[in-house]
Colleague: 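The following block contains the structure, expressed as structure tokens.
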Amino acid sequence: MGELSDDLGRCLETAQCDAALAARAACACEEGRLREAKRVLLNQRQQLLDDVHNKQRSIDEIDHVLHRMGRVDTPPVARPAARPAPPRGARGGEGADHV
């Protein structure tokens, strides 16, 4: 299980887990106490997921305020009048009157 405990330690460090907790989980894995190691992983995963949700709520708040600001500050856009399309089949030049 040495390789698995090394992977577990690197995983938790990458996931910004406390180094002491990551070492404890790796040690638990090495000693065959997989339940304890899994619990550490699941707790860290939940913490990261909570962070993601909190960040998403912040992004949603910013988007909401930006949307409201856009409605208040942005005047309606006036589109220029479209040019009339030339009649179908008209080519100009001599013989343009003939169909």
Side-chain angles (χ1 to χ4, degrees):
M1 285 206 194
E3 188 177 317
L4 180 60
S5 61
D6 291 343
D7 288 347
L8 175 63
R10 276 193 300 275
C11 172
L12 289 170
E13 286 177 24
T14 301
Q16 301 170 346
C17 185
D18 178 70
L21 188 59
R24 194 175 98 208
C27 181
C29 183
E30 186 67 36
E31 294 174 0
R33 294 179 286 134
L34 295 180
R35 250 185 159 167
E36 183 180 345
K38 283 181 180 181
R39 186 176 32 238
V40 172
L41 280 172
L42 289 170
N43 287 340
Q44 186 62 23
R45 183 185 187 282
Q46 186 61 51
Q47 184 177 347
L48 290 171
L49 193 56
D50 290 344
D51 291 347
V52 167
H53 290 155
N54 289 333
K55 300 277 187 197
Q56 185 62 53
R57 274 192 286 280
S58 297
I59 291 169
D60 291 344
E61 284 289 324
I62 289 171
D63 287 346
H64 175 72
V65 171
L66 285 171
H67 177 74
R68 289 182 60 208
M69 292 170 88
R71 280 193 296 161
V72 172
D73 291 344
T74 307
V77 177
R79 294 186 174 206
R83 293 183 179 170
R88 287 187 123 186
R91 293 192 170 159
E94 275 190 34
D97 298 302
H98 304 318
V99 178

Colleague: Are Q16 and Q47 packed together at the side-chain level, in the sense that at least one heavy-atom pair is separated by less than 4.5 angstrom?
Modeller: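 They are not in contact (no side-chain heavy atoms under 4.5 Å apart), so the answer is no.
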Colleague: Quick test of your reading of the model: are R57 and D60 salt-bridged, counting only N-O distances below 4.0 Å?
Modeller: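 Here R57 does not pair with D60 in a salt bridge, since their nearest N and O are not under 4.0 Å apart.
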Colleague: R39: which residues meet the salt bridge (Lys or Arg N to Asp or Glu O under 4.0 Å) condition with it, sequence neighbours left out?
Modeller: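 With neighbours one apart ignored, the set is empty.
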Colleague: Count the heavy atoms of every other residue, nucleotide or ligand shown that sit under 6.0 Å from CZ of R45, and state whether that count exceeds 12.
Modeller: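 Result for CZ/R45: open.
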Colleague: Could you grab the distance from atom CG of L49 to atom CG of N54, nearest 0.5 Å is fine?
Modeller: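 The distance works out to 10.0 Å.
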Colleague: For Q56, does the CD atom have more than 12 heavy-atom neighbours from other residues, nucleotides or ligands under 6.0 Å away?
Modeller: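 For Q56, atom CD is crowded (more than 12 foreign heavy atoms under 6.0 Å).
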Colleague: Once you round to the nearest 0.5 Å, how far does CG of L66 lie from CD1 of I59?
Modeller: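 These two atoms lie 11.5 Å from each other.
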Colleague: Mind checking side-chain contact (heavy atoms from CB on, under 4.5 Å) for H64 and listing every partner two or more places apart, or none if nothing turns up?
Modeller: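 H64 satisfies side-chain contact (heavy atoms from CB on, under 4.5 Å) with R68 once adjacent residues are dropped.
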Colleague: Give me the atom names and distance for the closest heavy-atom approach of C29 to L34.
Modeller: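 Smallest interatomic distance, heavy atoms only, reads SG-CD2, 3.8 Å.
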Colleague: I need the minimum non-hydrogen distance between E13 and A22, along with the two atoms involved.
Modeller: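 Looking at all heavy atoms of both residues, the shortest contact is CG-CB, 4.2 Å.
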Colleague: D50 and Q46: side-chain donor and acceptor closer than 3.5 Å?
Modeller: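 Judged by distance alone, the side chains do pair up.
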Colleague: Would the distance check show the side chain of Q44 and the main-chain N or O of L12 forming a donor-acceptor pair, the cut-off being under 3.5 Å?
Modeller: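 Flag not set: sc Q44 to bb L12 has no pair under 3.5 Å.
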Colleague: Nearest heavy-atom pair of A37 and A25: which atoms, and what distance?
Modeller: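 Of all heavy-atom pairs spanning A37 and A25, the closest is CB-O, 3.7 Å.
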